[in-house]
Structure formats: structure tokens, C-alpha cells
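Contents: one structure, followed by commentary.
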Amino acid sequence: MSLRVCRNVTVLEVSPVGQRKRPDEFYEIRLSLPDWDGWKPGQFVMVRPASWELDMLWARPFSISSADADGLTLFVQKVGRGTARMARLAPGDQVALWGPLGNSFAVEPDTPTLLLAGGIGIAPFRGYVERHPHPENLRLFLAHRLPLECYPYDLLSNRVDCRCLLEACPADLDLIIAALREQIAEYAAKDGLILACGPTPFMRTVQTFAAELGARAQVSLENRMACGVGACLGCVAPDAEGHHVQVCTRGPIFWADKVRL
Ligand SMILES: Cc1cc2nc3c(=O)[nH]c(=O)nc-3n(C[C@H](O)[C@H](O)[C@H](O)COP(=O)(O)OP(=O)(O)OC[C@H]3O[C@@H](n4cnc5c(N)ncnc54)[C@H](O)[C@@H]3O)c2cc1C
Ligand code: FES
């Protein structure tokens, strides 16, 4: 069942990730949602803590990192006012939540599938890996700027083939771009599936190589959103024909050759 109504849920836990290396910058939030069964990896939720009152009107979008009988888990990086205030939530606090929203990543159980994550873009791939019927067909590549401990990498590396590269200096970026090209070429050659999530420059690189090498690739866009349901037009992006489409309802996932980044 797909549930899109707004409902109040309770914060079960807020736990920092990579605390030793980067105190308080990344955290997981677990929310009570025992009957959440209709979501698909790649979909997102809009979240607005009750404590924001009239200070901050707009909810914030987050990928569903995983969801099971114990609740819904989001993986969040603190980048501004909203995510900073969310980090201070405590068990028992109330949050307004709507979702699951948007479309989902393609799943082709028997196809070799490459998951390309740029930083926080790893969040939806946790659920993708957990729900995939044949995880032995998956490989994850993470390009990251902060220490690996800051990301839920360990949760995935014991389930699928995982590789990562740290961007600690400008020269590392060349290595990351070369690694992306090499892997996209490998998966294009075997008619694999490529799924990417991360910041816009990362997605542009994936899109460019996918076009050049003839790879089948999907990209997940992280445009700013206000309503999450197609009503405000705050999230629009041009599709391949130049028509502006709502990322929240037509996306956030697009075939790489069907959207302009
Ligand atoms: C579909 C979708 C899924 C997402 N999933 C996750 C997730 O799983 N984990 C996570 O940590 N974040 C995710 N994001 C990004 C997250 O929504 C933003 O980081 C958050 O809304 C910022 O809120 P803020 O109030 O802290 O920042 P603000 O104070 O509003 O802005 C602070 C800074 O962050 C930038 N920013 C704000 N929103 C975005 C955005 N959407 N994308 C990129 N930069 C932004 C602003 O330009 C500004 O520089 C997702 C976004 C979308 C659209
Ligand atoms: S966020 Fe309002 S239309 Fe997409």
C-alpha cells in the first residue's frame, strides 16, 4: 500500500554516525512507522518536526534509507538550519511526515547493477541493497570527501561488493572521475544497469559518461523541494525536450538521457 497522507510519527532514536571523526555532522533518525510496507528504494519522505512551529514552514525531503517492522530510518547530513535542528530531536518528539513520494530505482534482479554514490547519496542504496533479491549482482562505488566512518558503508560492505575513493585533495577528483568512467564502461559492455545518487556535479559526470559509452543509467536528483507532491513547482527541472517537470512527482529518479542537469 502506498501511503501519501501526512501523519504524525514519533522519533525513536537519533544516533550520530562517525562520531569520532566528525562529531554530530551525520546522523541516523529512526521514526515509528510499523505499518510502512509500500515503499520502494529511491523514494523519499517529507519531514517537518512539530517543534519547528512557525519558525520554519517548509518540510525537508529525505531518501528512505530503510524501513521495516521496527520503523523508518533516514540518514542525514547536517548542512543548514533544518538539518541542524533535526539533529537535536530526541526520542518521543513528534514529526509530521508524508510519503512514500516519487518514483523508485529500477530493479532488474538478474542484471549486473552498479550503484554510484556521491557522499550522502549513499542513503537510498542501503534500502536498495537490503531489498534486492540478488545482492550478489550488485556493486557499490562510493566517492566521499569525509572519512568513511561518516557513511553507512559498513552496513553495505558486508552484503555487496563495495569500493570507495576519498577525495582529500584536487588530484583525487581526477582519480574518482577515472574510476567512474572505467566502471561505467565495464557495465555498458555487459549491458548492466547503473544507478546514481549524489551532488549535481557527480550526476553530470555519470550522465556524460553514460551517454558517451552507451550505458543504461538512472540518476536521482536532489532539487530543493517545498511540498513534495507536485503543487508548488519549487523543484522543477528541464527534461530532455526542455519541458520543465516536477522532480518530486516525475522523479526524483530519471533515466540519464531523459533529463538535463
Ligand atoms: C529527493 C531528495 C532526497 C534527499 N535525501 C537526502 C538524504 O537522504 N539525506 C540528506 O542528508 N539529505 C537528503 N536530501 C537533501 C536534503 O533535503 C537537504 O540537505 C535539506 O533539505 C537541507 O535543509 P536545511 O534546512 O538543513 O538546509 P538549508 O538551510 O535549507 O540550506 C543549507 C544549504 O544546503 C543546500 N541545500 C538545501 N537543500 C538542498 C538540496 N535538496 N540538495 C542540495 N543542497 C541543498 C542549500 O543550497 C544551502 O547551501 C535530499 C533531497 C531530495 C530532494
Ligand atoms: S516540491 Fe512542490 S512541486 Fe515539487
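Side-chain atoms are counted along with the backbone in the values below, which use heavy atoms only and exclude waters and symmetry mates. In this text the structure is predicted, and so the values were computed from the model without any measurement. Ligands are counted one by one from 1 in listed order, and the atoms in each one are counted from 1 as well.
- Residues Ile64 and Leu72 form a side-chain contact, since some pair of their non-hydrogen atoms from C-beta on lies under 4.5 Å apart.
- Of all the atoms in ligand 1, the ones that sit under 4.0 Å from a non-hydrogen atom of Met225 are 53 (C).
- Looking at atom 5 (N) of ligand 1, its nearest protein heavy atom turns out to be Ser63 N, 2.9 Å.
- What you find for Phe44 and Gly228 is that their closest heavy atoms are CZ-O, 4.2 Å.
- At the top of the distance list for atom 9 (N) of ligand 1, counting protein heavy atoms only, stands Phe75 O, 2.8 Å.
- Within a 4.0 Å radius of atom 22 (C) of ligand 1, the protein contributes one or more non-hydrogen atoms.
- With Phe141 as the aromatic partner, Arg163 does not meet the cation-pi criteria of under 6.0 angstrom to the ring centre and within 45 degrees of the ring axis.
- In this structure, of Phe44, Phe62, Trp58, the residue bringing a heavy atom nearest to atom 13 (C) of ligand 1 is Phe62.
- Counting heavy atoms from C-beta on, the side chains of Leu148 and Cys164 come closer than 4.5 Å.
- The residue Val247 has no part lying near ligand 1, judged by heavy-atom distances below 4.0 Å.
- Minimum interatomic distance between Leu146 and Gln77 (heavy atoms only, all atoms of both residues): CD1-NE2, 3.8 Å.
- With a 4.0 Å cut-off on non-hydrogen atoms, Pro61 touches ligand 1 through its backbone as well as its side chain.
- Between Phe26 and Phe75, the ring-plane angle classifies as parallel under the 30° and 60° cut-offs.
- Between Gly82 and ligand 1, at least one pair of N/O atoms sits closer than 3.5 Å.
- Shown in contact with Cys232 at under 4.0 Å from a heavy atom are these atoms of ligand 2, numbered in order with element: 1 (S), 2 (Fe), 3 (S).
- With a 4.5 Å cut-off on side-chain heavy atoms, Val245 and Val236 do not count as touching.
- Among all protein heavy atoms, the one lying closest to atom 53 (C) of ligand 1 is Asn223 O, 3.0 Å.
- Among protein heavy atoms, the minimum distance from atom 11 (O) of ligand 1 is reached at Gln77 N, 2.8 Å.
- Inter-residue side-chain proximity for Ile184 and Glu212 is flagged as unmet; no heavy-atom pair is nearer than 4.5 Å.
- Interface of Met225 with ligand 2, defined as ligand atoms under 4.0 Å from a residue heavy atom, comprises 1 (S).
- Interface atoms of ligand 2 facing Ala231, defined by a heavy-atom separation under 4.0 Å, are 3 (S).
- In this structure, the protein non-hydrogen atom closest to atom 26 (O) of ligand 1 is Thr83 OG1, 2.5 Å.
- Taking a distance limit of 4.0 Å, we find that atom 49 (O) of ligand 1 is approached by no protein heavy atom.
- In terms of heavy-atom proximity, Cys197 sits nearest to Phe202 at O-CE2, 4.0 Å.
- Note that CD of Glu167 and CG of Leu173 are 4.5 Å apart. Values are rounded to the nearest 0.5 Å.
- Looking only at heavy atoms of the protein, atom 27 (O) of ligand 1 is closest to Gly80 CA, 3.5 Å.
- Ring centroids of Phe125 and Phe105 are separated by less than 6.0 Å, placing the two rings close together.
- Between the Arg30 side chain and the Asp70 main chain, a donor and an acceptor come within less than 3.5 Å of each other.
- At the shortest separation from atom 31 (O) of ligand 1 among protein heavy atoms lies Arg224 NH2, 3.6 Å.
- With a heavy-atom cut-off of 4.0 Å, Glu222 touches ligand 1 through backbone and side chain alike.
- Annotation for ligand 2: atoms under 4.0 Å from non-hydrogen atoms of Ala226 are 1 (S).
- In this structure, Leu195 and Leu193 have side chains that are in contact, with non-hydrogen atoms separated by less than 4.5 Å.
- For atom 35 (C) of ligand 1, the nearest protein heavy atom lies 4.0 Å or farther away.
- Across Ala226 and Trp58, no two heavy atoms sit closer than the pair CB-CE3, 3.6 Å.
- Summarising the contacts of atom 3 (S) of ligand 2 with Thr249, Leu233, Asn223, the nearest heavy atom is found in Leu233.
- Counting atoms of ligand 1 from 1 in the listed order, those under 4.0 Å from a heavy atom of Ala123 are 8 (O).
- The distance from ligand 1 to the heavy atoms of Val76 drops below 4.0 Å at these ligand atoms: 11 (O).
- Scanning the protein for heavy atoms near atom 18 (C) of ligand 1, the closest one is Val79 CG2, 4.5 Å.
- The side-chain heavy atoms of Glu28 and Glu13, taken from C-beta on, include no pair separated by under 4.5 Å.
- Taking 2.8 Å as the threshold, Cys248 does not count as a candidate ligand of atom 2 (Fe) of ligand 2, since none of its N, O or S atoms lies below it.
- With respect to atom 1 (S) of ligand 2, the closest heavy atom belonging to the protein is Gly228 N, 3.2 Å.
- Not a single protein heavy atom sits closer than 4.0 Å to atom 45 (C) of ligand 1.
- Look at Cys235 and atom 4 (Fe) of ligand 2: an N/O/S atom of the residue is under 2.8 Å from the metal.
- By the 4.5 Å heavy-atom criterion applied to side chains, Thr113 and Asn137 are not counted as neighbours.
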